[in-house]
Peer 1: 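Below you'll find the structure I mean.
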Amino acid sequence: MSQAFDVVVIGGGPGGYIAAIRAAQLGFKVACAESNAFDDPKGEIRLGGTCLNVGCIPSKALLASSEEFEKISHHAADHGIKVGSVSIDSKKMVSRKDEIVTKMTAGIQYLFRKNKITLLKGHASFEGKSTNGYQIKIDGKDQETVSAKNVIIATGSKARHLQGISVDNVLICDNEGALKFDFVPKKLGVIGAGVIGLELGSVWRRLGSEVTVLEALPSFLAACDEGIAKEAQKLFAKQGLNINMGVKIGEVKADKKGVVVNYTDSAGKALKLECDRLIVSVGRIPNTDQLGLENIGLKVDERGFIPVDDHTCATAAPSVYAVGDVVRGPMLAHKAEDEGVLVAEIIAGQKPHIDYNCIPWVIYTDPEIAWVGKSEQALKEAGIAYKAGQFPFAANGRALGMGRADGFVKVLADAKTDEILGVHIIGPNASDLIAEAAVAMEFKAAAEDIARICHPHPSLSEVMREAALATDQRALNM
Ligand code: FAD
Ligand code: NAI
């Protein structure tokens with residue numbers, strides 16, 4: 001007899017595994033299907049999805065290693081620390097990253113056991129409906145069909161590739177190959193100055209690669225607040241990241257000697273980039289292939305996403321939900337996780353809510369970039385009257401002591417009510433500092449609230465308070 005579950009989650013990434021855990025906490029009989037072994041040495045199925053295996057965690061491990069290298073080789077002297085010659089053992093750096101990933105995937109296996117979640121190893125697809133809900137076929141080492149009263153689709157996304165550019169993940173790489181380089185390429189090309197291009201470009205630039213980034217759009221980091229994007233472009237250029245905007249990519253050839261990218265610059269001049277490795281990071285597309293959506297009457301939209309209700313993540317099929325990268329909204333692990341929790345609680349009859357305006361974004365470059373809420377250009381476009389307060393890290397004692405004084409915090413508040421509408425940071429530890437802004441916005445705080453709350457001294461968080469004070473021209477240390 002086939003196994004029957006209250007909830008079957010398809011996909012073991014942050015959207016899926018968190019949904020499975022929350023559903024189990026709520027008392028449901030839960031299974032989670034996952035088909036990918038990623039790079040597991042024994043070929044065992046791995047949980048954690050893109051984020052844990054080939055995304056957030058490995059990229060942040062490499063960013064941390066390269067940051068240490070840059071600190072020791074270039075900034076130790078500023079602190080009066082003398083070091084001999086510094087070199088990088090790239091193989092060790094990559095194996096450290098792999099160990100972190102392995103430890104964390106094993107951690108999710110443990111959580112599944114603890115919460116009595118059944119792991120279904122194989123590709124899951126809808127066969128159709130039955131009296132027990134939905135029939136889901138699991139295509140793995142063993143073939144089985146299970147039934148589910150509720151289904152949560154959390155199949156995530158994969159790298160978008162460009163026509164005519166064949167990604168072999170050795171010479172021409174998407175995120176998967178780019179996280180495995182075990183040597184420092186002398187010359188690295190990157191197509192796409194988005195989040196992955198900037199983060200991975202930064203890793204290899206810090207380790208000594210000559211990095212050239214080719215971006216199709218004329219404006220840098222179009223999703224960011226314009227003031228932050230301008231500052232970032234200036235700082236990245238100063239660090240030696242060669243970013244070319246408004247290019248058009250032509251023929252790309254790869255052979256034993258490396259990769260040649262033919263392109264035209266923003267003025268239409270034909271140019272050629274020769275590099276040892278090329279990263280193609282031009283966005284991601286949702287995984288909806290061979291899911292059997294047609295068997296339950298579901299259709300994807302024109303971009304391949306599964307349409308869902310704005311508030312509940314419910315699809316058009318009763319008791320079928322979809323979360324994370326496979327649906328609208330930012331492709332971020334924490335957004336996927338929150339949607340996973342939301343759906344599990346909705347299935348349990350609760351009334352959870354996500355305020356998508358309060359989802360923070362972080363780009364883990366140096367300095368880090370982080371924001372939550374609306375940018376200045378979005379507020380102007382929407383005709384919302386606002387006031388802006390900005391404060392530089394250069395006027396903060398802690399940042400100066402750390403030798404990390406680039407950047408600033410910008411607080412945008414409603415001109416009449418003083419409610420915080422957006423907070424934008426470029427600077428040290430922006431990824432941690434932005435959490436205060438997200439909490440403030442969730443509680444509908446005013447800039448005055450942040451300004452009146454006691455912040456520890458000396459700390460980077462004082463810059464947030466000063467920026468809030470600056471919305472009313474009351475910054476104290478400037
Ligand atoms: P995924 O993590 O993609 O997981 C989906 C899972 O479903 C996969 O394991 C897949 O194998 C499985 N699957 C698919 N189809 C089936 C099927 N039919 N049957 C069984 N299993 C299936 N986000 C951040 O918030 N912070 C970061 O710092 C960050 N860094 C990133 C760095 C890189 C290089 C990349 C590529 C992404 C990064 N992201 C980051 C984005 C983040 O990884 C995704 O937003 C997140 O993983 C989405 O979670 P998900 O659960 O929706 O999908
Ligand atoms: P992206 O959408 O951030 O950037 C892609 C860039 O490629 C854009 O600037 C786009 O204009 C450019 N582009 C597209 N086609 C092009 C072409 N033909 N030629 C040149 N440039 C072209 O996508 P990316 O970097 O691939 O990352 C995918 C997603 O993964 C991100 O949007 C984000 O959601 C997630 N991610 C999140 C991270 C974080 O939270 N820190 C880190 C890395 C990825």
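Sequential numbering from 1 along the given sequence is applied to the chain's residues. Atoms within each ligand, like the ligands themselves, are counted from 1 in listed order.
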Peer 1: To which protein heavy atom is atom 7 (O) of ligand 1 closest, and what is the distance rounded to 0.1 Å?
Peer 2: Gly11 CA, 3.2 Å
Peer 1: Indicate yes or no: does an N/O atom of Asp325 lie under 3.5 Å from an N/O atom of ligand 1?
Peer 2: yes
Peer 1: Can you list the ligand 1 atoms lying under 4.0 Å from a non-hydrogen atom of Lys60?
Peer 2: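 Once the distances to Lys60 are compared, the set is 27 (C), 28 (O), 29 (C), 30 (N).
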Peer 1: Suppose we measure from atom 18 (N) of ligand 1 to each protein heavy atom; which comes out shortest, and what is that distance?
Peer 2: Ala124 O, 3.0 Å
Peer 1: Identify which of Ile285, Val362, Ile165 has a heavy atom lying nearest to atom 41 (N) of ligand 2.
Peer 2: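 That would be Val362.
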Peer 1: Taking heavy atoms and a distance under 4.0 Å, where does Phe38 meet ligand 1: side chain, backbone, both or neither?
Peer 2: side chain
Peer 1: Return a yes/no value for Glu215: is any of its N or O atoms, backbone included, closer than 3.5 angstrom to an N or O of ligand 2?
Peer 2: yes
Peer 1: Which of the listed options, Gly192, Cys51, Ser59, holds the heavy atom that is closest to atom 7 (O) of ligand 2?
Peer 2: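 Nearest heavy atom to atom 7 (O) of ligand 2 lies in Gly192.
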Peer 1: Ignoring angles and geometry beyond distance, decide whether Ile363 reaches within less than 3.5 Å of ligand 2 through its nitrogen or oxygen atoms.
Peer 2: no
Peer 1: Considering only heavy atoms of Arg284, which atoms of ligand 1 have at least one such atom less than 4.0 Å away?
Peer 2: 36 (C)
Peer 1: Are any of the N or O atoms of Tyr364 closer than 3.5 Å to those of ligand 2?
Peer 2: no
Peer 1: Looking only at distances, please establish whether an N/O atom of ligand 2 is found under 3.5 Å from an N/O atom of Pro330.
Peer 2: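 No: no nitrogen or oxygen of Pro330 is under 3.5 Å from one in ligand 2.
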Peer 1: Which protein heavy atom lies closest to atom 41 (C) of ligand 1, and at what distance to 0.1 Å?
Peer 2: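 The protein heavy atom lying closest is Met331 O, 3.6 Å.
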Peer 1: Taking 4.0 angstrom as the limit and counting only heavy atoms of Pro14, give me the atoms of ligand 1 inside it, by number and element.
Peer 2: 2 (O), 46 (C), 47 (O), 49 (O), 51 (O)
Peer 1: I'd like to check which ligand 1 atoms, numbered from 1 as shown, lie under 4.0 Å from a non-hydrogen atom of Asn36.
Peer 2: 11 (O)
Peer 1: Is it the side chain (CB and beyond), the backbone, both or neither of Val195 that lies under 4.0 Å from ligand 2, heavy atoms counted?
Peer 2: both
Peer 1: Could you list the atoms of ligand 2 found under 4.0 angstrom from a heavy atom of Leu332?
Peer 2: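 This gives 40 (O) as the contact atoms.
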Peer 1: Backbone, side chain, both or neither: what part of Cys56 comes under 4.0 angstrom of ligand 1, heavy atoms only?
Peer 2: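 It is both parts that get close, each with some atom under 4.0 Å.
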Peer 1: For atom 35 (C) of ligand 2, which candidate among Met331, Met245, Lys335, His334 holds the nearest heavy atom?
Peer 2: Met331
